[in-house]
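Since the structure comes first, as structure tokens, the remarks are kept for the end.
So you know, we letter chains A, B, ... as the sequences are listed, proteins then strands, and number each from 1.
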Number of protein chains: 2
Amino acid sequence: MAGTVSSSRGCVTLRGAQIRDLLDAKHNVLFDCDGVIWNGETAVTGAPEVVSLLKQRGKRVFFVTNNCTRPRENYVQKFCRLGFTDVAEEEIFSSAYCSAAYLRDVARLQGKVYVIGCGGVMKELQDAGVPVVEEDSAADREPGTSIYNCPLDPDVKAVLVGYDENFTFMKLAKACCYLRNSECLFLATDPDPWHPLRGGRITPGSGSLTAALETASSRKATVIGKPSRFMYECIASQFDLDPARSLMIGDRLETDILFGSNCGLSTVLTLTGVSTLEEAHRYRDSEAPEQKDCVPDYVVESVADFLQALEE
Amino acid sequence: MAGTVSSSRGCVTLRGAQIRDLLDAKHNVLFDCDGVIWNGETAVTGAPEVVSLLKQRGKRVFFVTNNCTRPRENYVQKFCRLGFTDVAEEEIFSSAYCSAAYLRDVARLQGKVYVIGCGGVMKELQDAGVPVVEEDSAADREPGTSIYNCPLDPDVKAVLVGYDENFTFMKLAKACCYLRNSECLFLATDPDPWHPLRGGRITPGSGSLTAALETASSRKATVIGKPSRFMYECIASQFDLDPARSLMIGDRLETDILFGSNCGLSTVLTLTGVSTLEEAHRYRDSEAPEQKDCVPDYVVESVADFLQALEE
């Protein structure tokens with residue numbers, strides 16, 4: 001048989017002229033944030049310049065993050081603080097923002113949301129005008145209050161699960177009770193199983209809390225964040241995007257790269273975050289066809305590899 | 001083709017003479033507790049008499065429960081309170097007791113256990129002489145203490161997850177950090193996803209908390225409770241049991257009946273608990289061979305159906 005074997009496609013290491021050709025062919029660049037343009041509170045070297053130069057070259061830039069801990073307005077501050085001085089709120093699509101948009105525009109929720117999540121999710125729901133159940137943790141801690149008798153709000157029509165450092169058994173049990181009503185929607189901001197912390201520790205992600213609730217409720221959550229297509233549809237509903245002229249750059253094969261594949265975008269894995277080149281090769285060399293969608297088209301060491309092509 | 005189709009086997013409703021024949025053929029009777037001999041704090045009508053009569057007829061009776069909330073000694077009190085006056089501590093095998101036995105006798109743990117679980121688990125570990133990490137929740141709540149800097153005990157060599165109404169994000173995050181060490185064992189008392197509460201509510205089970213930790217740690221727990229064989233092996237290590245002469249009576253197809261099948265026991269589904277006859281028929285009529293192990297050999301409305309045969 002002529003031609004290359006399909007299992008060897010993808011994972012092309014981008015260099016010099018290839019980077020220029022790729023950038024010439026694309027009009028929209030979608031960046032994941034954590035592990036791509038920054039790690040925690042440290043910008044990836046060269047990333048602010050890459051973002052600025054892309055904009056100066058007339059590209060449209062979007063930030064697509066599964067991180068639901070901040071509202072959009074806080075993200076603008078973080079971008080500024082880390083040297084990304086020309087990023088607008090409208091360019092930032094977080095799983096918290098998109099979850100609120102989904103409840104308002106797609107589900108057209110008539111009722112309240114019970115939230116397992118942090119301030120970022122709460123603020124975006126509030127900004128979108130989606131009513132949430134006010135948690136009364138003090139009442140929940142009162143003697144005699146337990147999972148047997150804690151009050152449940154009859155207006156709850158959706159449960160939304162995101163990253164929540166104040167997650168408790170009581171929250172899990174309440175969410176579980178709400179989900180017994182099959183008409184109650186079950187959403188998760190994102191499927192991320194864990195996140196790296198500084199010092200080699202890790203922290204459980206939204207996907208971990210969602211797994212607990214899925215098991216307890218015998219239901220499956222609708223996941224808003226990558227790799228689901230919804231965040232792309234959310235951008236596309238506000239900007240005119242041609243997938244063939246769009247590039248997704250991310251550090252996690254199972255979320256960012258799969259998201260790009262699911263949406264028909266070209267994909268670039270950057271090695272400054274979670275996934276490794278070996279993992280990408282494992283997906284490429286796997287026999288299972290469904291694993292191919294986690295193979296990035298291209299690989300760079302860092303987004304800084306784009307700098308030279310942009311500075312010429 | 002002659003003979004019955006294999007998919008129609010099982011789910012035989014036990015009546016009169018069949019019950020007598022079955023009891024004649026068996027020497028050991030293993031009961032699940034919740035949903036079988038009691039529901040919460042109410043004994044199933046006739047269950048105490050059935051247990052007493054079985055013993056008077058020379059049968060050996062064991063209680064095999066995934067419930068890990070009580071130590072064995074508390075179970076004896078509960079049995080008494082509900083009218084089961086001749087049950088000995090040695091006949092009670094809970095997932096908490098068996099988890100402690102596993103860590104001591106099978107894993108021969110050299111180190112401490114980090115426990116997500118309640119008093120029942122703690123007490124059984126203590127009785128078995130297995131050292132546990134003392135949780136300092138007050139220290140964890142101090143300002144400045146977080147998942148980034150909370151102390152981790154270097155002697156932890158196992159994580160054990162059971163039902164825990166005091167489950168928090170901090171406990172999940174700590175367990176997750178301990179499991180980064182691939183030599184740290186990962187055990188779960190039982191896989192129960194949820195439990196019915198009075199008043200139509202449900203509460204998340206050990207399986208729900210385990211799912212959160214499995215997702216966050218990218219590892220799979222070794223599950224001690226039913227349907228795993230270990231609880232049978234634990235009984236068999238203390239009593240001489242012939243599986244062919246043993247009967248398992250339970251209310252949950254995916255735990256009790258599957259456990260019986262896994263251990264080569266005859267199985268009886270009782271309809272006073274979680275699973276329904278329709279669910280049993282669905283397993284029986286399924287095309288998937290692995291579902292056959294969830295089909296009970298026999299079905300009774302209640303363990304009280306054994307009364308008449310025993311009273312004759």
Side-chain angles (χ1 to χ4, degrees), chain A residues 40 116-118 137 140-141 145-152 161-181 188 191-219 221 254 274 279, chain B residues 40-41 116-118 137 140-141 145-152 161-181 188 191-219 254 274 279:
Chain A
I116 291 174
C118 46
S137 348
D140 285 347
R141 275 197 301 269
T145 301
S146 74
I147 50 167
Y148 294 91
N149 60 16
C150 61
L152 297 171
V161 184
Y163 181 80
D164 185 354
E165 293 187 1
N166 295 312
F167 185 70
T168 60
F169 190 83
M170 183 69 110
K171 286 188 182 182
L172 179 63
K174 281 187 181 177
C176 198
C177 287
Y178 287 125
L179 289 175
R180 297 214 84 189
N181 174 359
D192 291 4
W194 52 273
H195 301 278
L197 297 180
R198 55 182 182 271
R201 291 193 179 186
I202 64 173
T203 184
S206 308
S208 166
L209 310 185
T210 304
L213 189 50
E214 287 186 334
T215 301
S217 67
S218 313
R219 292 181 56 175
E254 301 83 1
V274 169
E279 287 163 353
Chain B
E41 279 296 318
I116 291 174
C118 47
S137 346
D140 285 348
R141 275 198 300 269
T145 301
S146 73
I147 49 166
Y148 294 92
N149 60 16
C150 61
L152 296 172
V161 184
Y163 182 78
D164 186 353
E165 295 187 1
N166 295 311
F167 185 71
T168 59
F169 190 84
M170 182 69 111
K171 285 188 181 181
L172 178 63
K174 281 186 180 178
C176 199
C177 287
Y178 286 125
L179 290 175
R180 298 214 84 189
N181 174 0
D192 291 4
W194 53 271
H195 301 280
L197 296 181
R198 55 179 183 272
R201 291 193 180 186
I202 64 173
T203 183
S206 308
S208 165
L209 310 186
T210 304
L213 189 50
E214 287 186 333
T215 301
S217 67
S218 314
R219 291 181 57 176
E254 301 82 1
V274 169
E279 286 163 353

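- The part of Tyr163(B) that comes within reach of chain A is its side chain, from C-beta onward, which places non-hydrogen atoms under 4.5 angstrom from that chain.
- Here Cys150(B) is the residue among Cys150(B), Ser146(B), Cys177(B), Gly205(B) with the most heavy-atom pairs under 4.5 Å with chain A.
- Here the closest heavy-atom approach between residue Ser218(A) and residue Trp194(B) is recorded as OG-NE1, 3.6 Å.
- Taking both residues in full, the closest heavy atoms of Gly200(A) and Arg180(B) are given as O-NH1, 2.8 Å, listed atom of the first, atom of the second, then distance.
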*I would like to know whether Leu172(B) and Leu209(A) meet side chain to side chain contact (heavy atoms under 4.5 Å, CB included); could you show each step before the answer?*
CA-CA 10 Å; Leu172(B) 178 63; Leu209(A) 310 185; 3.7 Å; yes

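- Put simply, of Pro204(B), Ser217(B), Ala173(B), the one with the most heavy-atom pairs under 4.5 Å next to chain A is Pro204(B).
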*asked:* Apply side chain to side chain contact (heavy atoms under 4.5 Å, CB included) to residues Phe169(B) and Thr203(A) and explain how you reach the verdict.
replied: CA-CA 9 Å; Phe169(B) 190 84; Thr203(A) 184; 3.4 Å; yes

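- Here the shortest heavy-atom pairing between Ser208(A) and Ala212(B) reads OG-O, 2.7 Å.
- Rounding to the nearest 0.5 angstrom, the gap separating the CG atom in Asp164(A) from the OG1 atom in Thr168(B) is 11.0 Å.
- Considering every non-hydrogen atom in both Glu165(A) and Ile147(B), the closest pair reads OE2-CD1, 3.7 Å.
- Side-chain contact check for Tyr148(A) versus Arg198(B): some heavy-atom pair is nearer than 4.5 Å.
- Neither the backbone nor the side chain of Thr210(B) comes within less than 4.5 Å of any heavy atom of chain A.
- Heavy atoms of Asp192(A) lying under 4.5 Å from chain B are absent altogether.
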